[in-house]
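Computation of the quantities below employed the complete heavy-atom set of this structure, encompassing side-chain atoms and omitting hydrogens, waters and symmetry-equivalent molecules.
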Amino acid sequence: METDLDMSPEDHSKQLEEEQRKWRTFPRRRPAHIVAPGPGQESVWDYPRPPRVERVKMRIRVEFGGVVLGESLGSYRVLETSSPPVVYLPPRDVRLEYLSPGEEKTLCEWKGFAKYWSVRVGARAVPRAAWSYPDPLSDYSIIKDYLAFYPARMDACYVGDALVTAQPGDYYGGWITPEILGPFKGDPQTEEW
């Protein structure tokens with residue numbers, strides 16, 4: 001949900017409470033065609049709600065415009081029911097000179113308020129290419145200021161040697177690798193998942 005940058009802290013708190021009430025009680029349904037994972041595979045339908053944060057054990061790499069924007073062995077992934085993992089890179093491992101903060105802000109009922117980042121390399125620019133949580137809710141404080149990139153807006157993202165496929169839709173930024181099984185939330189008809 002988008003939010004107004006000029007809201008008072010009290011209004012932000014009220015908006016967060018309303019979003020938490022709305023989305024935590026939202027009636028969810030599971031699709032009938034969930035694929036059971038085999039050895040070495042993960043189903044997004046086995047991920048928890050509320051989301052879990054865990055360390056990524058492989059190298060993460062993000063490329064855009066002929067530049068490696070980020071490369072890290074210290075990333076985290078956030079796992080939430082029905083969505084592929086979202087990968088967060090520590091700011092120390094991101095080429096911040098190519099990023100600029102945007103005006104937009106959204107609200108996650110679990111993690112809090114996110115701010116967005118545009119990427120510019122030479123003549124190529126992408127608005128809303130990444131996001132971060134400058135003041136996440138306490139359960140997600142480990143990803144404070146870490147950056148998550150939309151794989152669909154980058155030239156390439158990798159987990160280890162695996163090229164990432166972007167999560168469907170325009171809102172979510174999940175990273176799909178061969179061992180991650182769906183179906184995945186993201187298309188318009190999947191909002192109730």
Where I176 and P84 come nearest, the two heavy atoms and their spacing
CG1-CG, 3.4 Å
Taken to the nearest 0.5 Å, the spacing of Q41 CD from E179 CD works out to 8.5 Å
Checking ring-ring contact (aromatic ring centres under 6.0 Å, His included) between W193 and each of Y172, F184, Y47, W45, which is the one that passes?
W45
So, R128 versus Y150: side-chain donor-acceptor pair below 3.5 Å or not?
yes
Return yes if a side-chain donor-acceptor contact under 3.5 Å exists between T106 and Y116, otherwise no.
yes
Below 30° counts as parallel, above 60° as perpendicular, anything between as tilted: where do the rings of Y88 and Y133 land?
tilted
Would you please say whether a donor-acceptor pair under 3.5 Å links the side chains of W117 and S132?
yes
For the residue pair P183 and I34, what are the closest heavy atoms and their distance?
CD-CA, 3.8 Å
Tell me whether V67 is reachable from V164 by hopping between hydrophobic residues (I, L, V, M, F, W, Y) whose side-chain heavy atoms are closer than 4.5 Å.
yes
Determine, step by step, whether V44 and T81 satisfy the side chain to side chain contact (heavy atoms under 4.5 Å, CB included) criterion, reporting the C-alpha distance in whole Å, the side-chain angles of both residues, the deciding distance to 0.1 Å, and the verdict.
CA-CA 6 Å; V44 298; T81 308; over 6 Å; no
Minimum heavy-atom distance V119-A129, with the two atoms named
CG2-CB, 3.5 Å
Check this for me: K144, atom NZ, are more than 12 non-hydrogen atoms of other residues, nucleotides or ligands nearer than 6.0 Å?
yes
